[in-house]
Amino acid sequence: MAVDSAISSPLGPPACEKDAKALRFIEEMTRNADPVQERVLSDILTQNSQTEYLRRFKLNGASDRDSFKSKLPVITYEDLQPEIQRIANGDRSAILSAHPISEFLTSSGTSAGERKLMPTIKEELDRRQLLYSLLMPVMNLYVPGLDKGKGLYFLFVKSETRTPGGLLARPVLTSYYKSEHFKTRPYDPYNVYTSPNEAILCPDSFQSMYTQMLRGLQDRHQVLRVGAVFASGLLRAIRFLQLNWRQLSQDIETGTLNQKVTDPSLRECMGKILKPDPELARFVRHECSKESWEGIITRIWPNTKYLDVIVTGAMAQYIPTLDYYSGGLPKACTMYASSECYFGLNLNPMCKPSEVSYTIMPNMAYFEFLPHDPNSAGFTRDSPPKLVDLVDVEIGKEYELVITTYAGLCRYRVGDILRVTGFHNSAPQFHFVRRKNVLLSIDSDKTDEAELQKAVENASRLLREFNTSVVEYTSYADTKTIPGHYVIYWELLVKDAANSPTDDVLKQCCLAMEESMNSVYRQGRVADNSIGPLEIRVVRNGTFEELMDYAISRGASINQYKVPRCVNFTPIMELLDSRVVSTHFSPALPHWTPERRR
Ligand code: AMP
């Protein structure tokens, strides 16, 4: 796309000529949001006109908005399941996309307990790369001098599998880090990482984290920003340092690499960088052996100007802990993206987390917005939803995001609820409100009410031989521990006190619940160590009645009262915790392998 150099950018002044070009691109896209959207839709429909999907809905080659909106249904992942399964099984015909599906991206959203498989095509990598290329030019507007140092980012690849038909299935970031776009990225003084590619690409999460931390410690004075994709990831890195600083300082002192790091490419690359540095080793030992870890990030990396982590949406629960470890450093949420499509960026990344708005870039896909009414019963055939175009959303209103992508998703409901906060030129800016149907989340796991219900049912079967049942339950994502863990409050009806379930039985109930959780949860427990053992807190009889009394005293209607299946309001937590009679933790890891169960 040609960049009109005559358009003066209100996002400015840029730090360098490369940034000026990126900022002009943002201006161009946001000023022409509607024509760009029209062109994107037309491109997608023309490119995919002969696909089975578009032919099924008799689009007959039309590429205009009206035909598109009148003929194509708004769908969810479940509607596409048969097509996705065929592609996964090896059908290479043009089902959703005229371009060959290059791989599946495995979403952290699940369907029937397994990660959703998002088809993608090669050219989408360019689009993702383009969005990444806009982030630093925007950041440079707010934080000068980032070319004078480095970024300490904890980035990881995750396991990948192949579908029965031989296509790779892996998370979008794994796909990106393993791409030539990332591996052979040109040197950019504004975007230098402390982590070598070898460390980011190492599939063993311990070895990867160990070397990334070691490099971060070595370069501690050069580090200007510290980050991970999500807040939970950065806190995991801090926890890793708590557990491993002794070995790390030993390596720094001697200039050798711990034998636990066995990956040959890592050993080779670190062998060239490691030099004995007793003074640094002494410093690390001194700081890490202090009882308080308050402000540890700024103590070890004193030149850090901001944390680069997403703290919007479910990650907001980590803000107090991040503030504790960083002495309240600014937290920059730079982009909003998903496996389905990368959406947009934050044009004011140093703002407070509560004020973060993402500007959707109109060139990324065709975007529509389903007005979100939490009280509506849903849509029927007779009253189909009326979707709003990108430029027509209204400030203050909430919408669910619906996308049509180059890879062949058509009018696909992402499941994110967004609120319009304003506009940059004619492109709207959105506050991320929440993801639909998520009850509990620690890392990228998303557990909904039905999954929790099923887990409680499965676990409570173990109580039958004790003549005991679960009369009520609720849950809580406890993020005060690192990693965080699920807490499930149970009120039990024990019919035979002489034969009540023992601690061992309740521990097995915890494990049974974990076994019932979706694969993203189990992967977090087993492979990523990003979720701690599930805990059951048994509360004394009558606690849930007290909970209801409390809700009614605060204005809830007695007729409509339902037990909340997840709680996070402090007085309620305090009430529940004051009634706890016993606590039990899962004694083992649930089963998980990269292979899908279904
Ligand atoms: P995945 O499909 O696993 O890549 O997850 C994508 C989802 O993560 C999005 O649909 C959002 O629900 C969530 N997400 C991504 N970026 C952000 C962000 N900046 N703030 C809040 N939630 C986000």
Side-chain angles (χ1 to χ4, degrees), residues 76-77 84 103-111 114-120 124 128 131-132 135 138 156-158 169-177 227-234 307-319 331-349 351-361 364-365 367 369-370 372 398-403 405 407 409 412-419 421 429-448 518-521 523-524 528 530:
T76 63
Y77 183 81
I84 302 235
E103 60 182 311
F104 278 112
L105 303 176
T106 53
S107 162
S108 59
T110 55
S111 170
E114 294 293 338
R115 288 172 178 272
K116 292 177 185 167
L117 292 175
M118 295 300 167
T120 191
E124 280 292 283
R128 285 182 214 123
L131 193 69
Y132 281 126
L135 303 182
V138 172
F156 301 92
V157 294
K158 292 197 181 180
R170 54 189 180 179
V172 62
L173 289 173
T174 300
S175 162
Y176 178 66
Y177 299 145
V229 178
F230 289 113
S232 53
L234 182 53
L307 304 180
D308 193 342
V309 278
I310 291 177
V311 287
T312 43
M315 290 294 149
Q317 59 191 340
Y318 293 106
I319 292 173
K331 292 159 286 296
C333 298
T334 57
M335 70 188 284
Y336 170 41
S338 77
S339 315
E340 292 91 328
C341 170
Y342 279 22
F343 307 124
L345 73 172
N346 179 0
L347 295 179
N348 185 14
C351 69
K352 284 198 231 144
S354 58
E355 287 165 10
V356 172
S357 287
Y358 298 104
T359 305
I360 288 193
M361 288 299 286
M364 299 302 289
F367 299 102
F369 297 84
L370 188 56
H372 177 65
E398 289 188 4
Y399 299 90
E400 181 182 337
L401 181 61
V402 176
I403 54 171
T405 66
L409 297 177
Y412 176 94
R413 293 171 72 162
V414 173
D416 288 348
I417 308 295
L418 310 174
R419 184 172 53 247
T421 54
Q429 303 185 296
F430 296 92
H431 170 71
F432 182 93
V433 178
R434 63 188 172 83
R435 193 172 170 97
K436 273 192 337 188
N437 303 332
V438 176
L439 201 65
L440 289 166
S441 174
I442 294 289
D443 190 35
S444 53
D445 55 302
K446 301 168 176 63
T447 298
D448 68 22
N518 65 46
S519 73
V520 179
Y521 175 91
Q523 181 174 2
D528 304 342
S530 57

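Order of listing sets the numbers, starting from 1, for every ligand and every atom in it.
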*Which of the atoms in ligand 1, numbered in the order shown and given with their element, are less than 4.0 Å from a heavy-atom of M335?*
19 (N)
*Heavy atoms only: which of V172, L105, D416, L345 is nearest to atom 10 (O) of ligand 1?*
D416
_Checking ring-ring contact (aromatic ring centres under 6.0 Å, His included) between F430 and each of F369, Y399, Y336, which is the one that passes?_
F369
*S107 and Y77: side-chain donor and acceptor closer than 3.5 Å?*
no
*Supply the atom-to-atom distance I360 CD1 to L401 CG, rounded to the nearest 0.5 angstrom.*
5.0 Å
*Measure from atom 14 (N) of ligand 1 to every heavy atom in S339, A337, G344 and give the option owning the shortest one.*
A337
*To which of G313, C341, S338 does the heavy atom nearest atom 6 (C) of ligand 1 belong?*
S338
*From F343 CZ over to F367 CZ, what is the distance, rounded to the nearest 0.5 angstrom?*
6.5 Å
*What is the nearest protein non-hydrogen atom to atom 20 (N) of ligand 1, stated with its residue, atom name and distance?*
T312 OG1, 2.6 Å
*Which of the atoms of ligand 1 are close to S108, meaning less than 4.0 Å from one of its heavy atoms?*
1 (P), 2 (O), 3 (O), 5 (O)
*Heavy-atom contact under 4.0 Å between S444 and ligand 1?*
no
*In the protein, which heavy atom is nearest to atom 17 (C) of ligand 1, and how far is it?*
Y336 CD1, 3.7 Å
*Is there a nitrogen or oxygen of S107 sitting under 3.5 Å from a nitrogen or oxygen of ligand 1?*
yes
_Proximity flag K116 to ligand 1, non-hydrogen atoms under 4.0 Å_ = no
*Would R128 and T120 count as having a side-chain donor-acceptor pair, cut-off 3.5 Å?*
yes
_Is there a polar contact, in the sense of an N or O pair closer than 3.5 Å, between Y358 and ligand 1?_
yes
_Using a 4.0 Å cut-off to any heavy atom of R435, which atoms of ligand 1 qualify?_
7 (C), 9 (C), 10 (O), 12 (O)
*asked:* Rounded at 0.5 Å granularity, tell me how far CE in M118 sits from CG in L105.
replied: 9.0 Å
_S444-S108 side chain donor-acceptor pair, cut-off 3.5 Å_ = no
_Interatomic spacing from CG in L370 to CG in L418 - rounded to 0.5 Å_ = 11.5 Å
